[in-house]
S.K.: 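There's a structure below that I have some questions on.
Convention: sequence-line order gives letters A, B, ...; per-chain numbering from 1. Side chains are part of it too, since the values below use all heavy atoms of this structure and drop only hydrogens, waters and symmetry mates. This one's a predicted model, so the numbers in the text were calculated from it and none came from an experiment.
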There are 2 protein chains.
Amino acid sequence: MVDDEVGRRRDAAATKASLLSAARELFNERGFDHTTVRDIAGLAGVNQALLFRYFGSKEALFRVAMTSQGHQLLAETPPEQLVGRMLTRMLSPDAASVKDNPIYALLRSTGNEHTAAVFRDDLGEPYRRALAALTDADDARVRADLVLAWLLGIGLLRSVLDEDHFAGVDPAQVTAHVLRAVATLLERVDQRPPPDA
Amino acid sequence: MVDDEVGRRRDAAATKASLLSAARELFNERGFDHTTVRDIAGLAGVNQALLFRYFGSKEALFRVAMTSQGHQLLAETPPEQLVGRMLTRMLSPDAASVKDNPIYALLRSTGNEHTAAVFRDDLGEPYRRALAALTDADDARVRADLVLAWLLGIGLLRSVLDEDHFAGVDPAQVTAHVLRAVATLLERVDQRPPPDA
DNA sequence: TGGGGGTGTAAGCGTGTGCTTACTTTGCCC
DNA sequence: GGGCAAAGTAAGCACACGCTTACACCCCCA
């Protein structure tokens with residue numbers, strides 16, 4: 001699927017990459033439980049036994065697929081702009097930016113204890129810390145959790161409950177609403193519209 | 001389980017009620033996909049074939065279990081106090097108020113298209129309308145969606161991502177934060193602490 | 001050139017699941 | 001008491017799933 005050229009078969013690295021890409025796409029679309037290893041291998045154009053050879057189990061593949069691309073956004077974004085950038089990325093009408101945003105895999109995998117733990121430990125915690133640093137209030141942790149909850153809830157409405165939520169609406173307008181309200185919780189949040197998309 | 005007295009067996013109404021109660025408890029705890037009909041029948045103390053005789057399918061049972069108790073809160077609460085009451089109910093440390101709050105079943109069932117549709121149509125929509133009525137802004141719908149998203153996100157953090165979120169924190173303090181920020185979106189929200197628990 | 005390890009494949013094992021079927025038991029009504 | 005529909009039960013069907021196994025192939029290096 002990813003690698004259609006006939007030459008260069010028997011390439012373990014390409015096979016792994018193909019499996020990872022297919023896994024990310026399907027986990028984000030359907031969540032962990034409703035994605036089968038047969039689906040992943042099929043989309044990757046690979047025999048499903050290779051999935052287990054290279055990753056060990058479906059759960060292990062999930063962990064690798066979700067965390068490997070993990071923390072770029074967090075690393076490359078100034079904390080003040082974090083909320084704004086997460087919003088524009090989540091609200092983008094571009095399907096591709098949805099497909100590789102692991103937050104949607106989380107939101108569709110809430111029923112599974114193991115996958116929830118992956119996100120809690122590998123993604124939630126760093127974001128909580130980054131957001132908490134945006135205020136001097138002594139209940140910074142609570143305020144950061146509330147902001148994180150809001151971002152997750154917006155993604156939930158957008159992706160799970162109703163595909164059309166916020167659809168006809170200017171993302172910038174939604175972002176402005178949220179940033180204004182969030183500023184009452186975290187005083188150092190940058191309320192200007194985030195640069196680029 | 002519900003009906004331990006030995007007299008009065010062969011009571012269809014009691015059997016149905018017992019199945020409904022067990023279903024609510026397990027769906028809220030584990031979500032739709034991770035709850036089996038054998039678990040439900042077992043907790044209800046009933047043969048699983050009766051589940052299908054009385055409700056037709058697991059999905060139909062889910063729909064009935066979630067919507068039958070459905071809209072009391074919405075019906076009996078003045079709109080201005082809706083956000084406050086939902087928060088106190090969600091943040092209550094009381095396990096029972098979690099057990100019969102269908103929002104947690106939704107949050108643990110996001111991977112399943114059918115269950116998501118139940119909530120979108122049967123619960124989400126009325127709440128969206130009620131919240132939208134709390135402002136005169138011409139983008140009332142967007143504002144209402146954002147508030148609903150926040151409430152859902154808070155429930156998500158509380159129940160799915162981390163059992164201890166907001167645990168050591170005074171629920172009233174969290175509620176105050178949210179109500180203050182929400183007031184920038186919906187001008188008619190009552191910011192006073194909600195009456196009773 | 002000919003093993004041997006890395007790569008790919010087909011088939012299937014074991015289990016859990018939603019749901020069905022064929023049957024037994026109970027209690028009510030004439 | 002006898003008949004009968006409603007209530008309850010045991011067993012299992014059919015299938016999808018995660019994962020394993022036994023085998024075929026191909027390239028590389030001694």
Side-chain angles (χ1 to χ4, degrees), chain A residues 1-20 22-23 26-27 29-65 108-109 111-115 118, chain B residues 1-23 26-27 29-65 105 108-109 111-115 118:
Chain A
M1 214 68 194
V2 156
D3 177 18
D4 279 338
E5 38 183 338
V6 192
R8 185 169 69 89
R9 284 172 1 203
R10 304 185 67 79
D11 182 335
T15 299
K16 281 191 220 179
S18 192
L19 281 167
L20 274 175
L26 292 177
F27 284 143
E29 248 173 47
R30 314 179 193 170
F32 182 82
D33 292 328
H34 286 87
T35 301
T36 70
V37 295
R38 285 171 176 82
D39 289 338
I40 297 171
L43 180 62
V46 153
N47 189 287
Q48 59 152 332
L50 297 179
L51 187 156
F52 294 95
R53 172 131 75 212
Y54 292 133
F55 296 97
S57 72
K58 182 189 175 187
E59 277 189 4
L61 170 61
F62 180 83
R63 171 163 245 126
V64 174
R108 292 194 193 272
S109 305
N112 188 293
E113 292 296 329
H114 177 80
T115 67
V118 171
Chain B
M1 214 71 194
V2 157
D3 177 18
D4 279 339
E5 37 184 338
V6 192
R8 185 169 66 91
R9 286 176 356 206
R10 305 185 69 80
D11 180 335
T15 298
K16 281 191 219 181
S18 191
L19 281 168
L20 275 174
S21 166
L26 293 177
F27 284 144
E29 246 173 49
R30 312 177 192 170
F32 181 82
D33 292 327
H34 286 87
T35 301
T36 71
V37 295
R38 285 170 176 80
D39 289 339
I40 297 171
L43 180 61
V46 152
N47 189 287
Q48 59 153 330
L50 296 179
L51 187 156
F52 294 95
R53 179 176 298 169
Y54 292 133
F55 296 97
S57 71
K58 183 189 172 187
E59 277 189 5
L61 169 62
F62 180 82
R63 171 163 246 125
V64 174
R108 292 194 193 273
S109 306
N112 189 291
E113 292 297 329
H114 176 80
T115 66
V118 170

S.K.: Whole angstrom is fine here: how far is it from CG in A:L51 over to P in C:dG8?
M.R.: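 For the pair A:L51 CG and C:dG8 P, the rounded distance is 13 Å.
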
S.K.: Distance check needed: D:dG18 P versus A:N112 CG, whole Å only.
M.R.: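 Going from A:N112 (CG) to D:dG18 (P), I get 11 Å.
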
S.K.: Kindly point out which of C:dT20, D:dA7, D:dC19 is positioned nearest to the side chain of A:Q48?
M.R.: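 Out of C:dT20, D:dA7, D:dC19, the nucleotide with an atom closest to A:Q48's side chain is D:dC19.
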
S.K.: In this structure, which one of A:F55, A:F27, A:F62 forms a side-chain contact (heavy atoms from CB on, under 4.5 Å) with A:I40?
M.R.: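 Considering A:F55, A:F27, A:F62, a side-chain contact (heavy atoms from CB on, under 4.5 Å) with A:I40 is found only for A:F27.
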
S.K.: When you check the phosphate oxygens OP1 and OP2 of C:dG8, does a side-chain N or O of A:T15 lie under 4.0 Å from one of them?
M.R.: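 Answer yes for this pair, as a side-chain N or O of A:T15 is under 4.0 Å from OP1 or OP2.
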
S.K.: Starting at atom CZ of B:F52, determine the distance to atom P of C:dT21, rounded to an integer number of angstrom.
M.R.: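 One finds 13 Å between P of C:dT21 and CZ of B:F52, rounded.
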
S.K.: Between B:R53 (CZ) and D:dA10 (P), how many Å, whole number?
M.R.: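 From B:R53 CZ to D:dA10 P: 14 Å.
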
S.K.: Report yes if the side chains of B:E59 and B:V118 come closer than 4.5 Å at any heavy-atom pair, otherwise no.
M.R.: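 Contact flag for B:E59/B:V118 side chains = no.
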
S.K.: Would you kindly give the CG-to-C1' distance between A:D11 and C:dG8, to the nearest whole Å?
M.R.: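 Rounded to the whole Å, the gap is 13 Å.
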
S.K.: Near DNA chain C, counting only heavy atoms under 4.0 Å, which residues of residues 31-40 of chain B show up?
M.R.: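 B:T35, B:T36, B:V37, B:R38 - these, ordered by number, are the residues of the stretch whose heavy atoms sit under 4.0 Å from the strand.
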
S.K.: Starting from P on C:dT9, measure out to OH on A:Y54 and report it in whole angstrom.
M.R.: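 So the two atoms are 10 Å apart, to the nearest Å.
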
S.K.: B:F55 CZ to C:dC19 P: how many Å, rounded?
M.R.: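 Spelled out: CZ on B:F55 to P on C:dC19 is 13 Å.
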
S.K.: Roughly how far, to the nearest 0.5 Å, is the CG atom of B:N47 from the CZ atom of B:R53?
M.R.: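 Separation between the atoms: 9.0 Å.
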
S.K.: Indicate yes or no for a side-chain donor-acceptor contact from A:S109 to the backbone of A:T115 under 3.5 Å, with no hydrogens or angles considered.
M.R.: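 No.
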
S.K.: Using a distance-only test with no angle check, is there a side-chain donor-acceptor pair under 3.5 angstrom linking A:T36 and A:D39?
M.R.: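 A donor-acceptor contact under 3.5 Å links the two side chains.
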
S.K.: Please answer whether the main-chain N or O of B:A17 pairs with a side-chain N or O of B:S21 as donor and acceptor at a distance below 3.5 Å.
M.R.: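 Checked: no pair found.
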
S.K.: Go through C:dT21, D:dG8, C:dT9 for me and flag the one nearest to the B:A49 side chain.
M.R.: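 Of all the options, the side chain of B:A49 is nearest to C:dT21.
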
S.K.: Closest approach to the side chain of B:L50, judged atom by atom: which nucleotide of C:dC19, C:dT7, D:dT9 is it?
M.R.: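 My answer, after comparing the listed nucleotides, is D:dT9.
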
S.K.: Of the nucleotides C:dT7, D:dA10, D:dG18, which has the atom closest to the A:A12 side chain?
M.R.: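 The nucleotide sitting nearest to the side chain is C:dT7.
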
S.K.: Please report, rounded to the nearest Å, how far the C1' atom of D:dG18 is from the CG atom of A:N47.
M.R.: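 Interatomic distance, CG of A:N47 to C1' of D:dG18: 14 Å.
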
S.K.: Quick check: closest heavy atoms across A:A44 and A:S18, and the distance to 0.1 Å?
M.R.: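 Reported closest heavy-atom pair: O-OG, 3.1 Å.
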
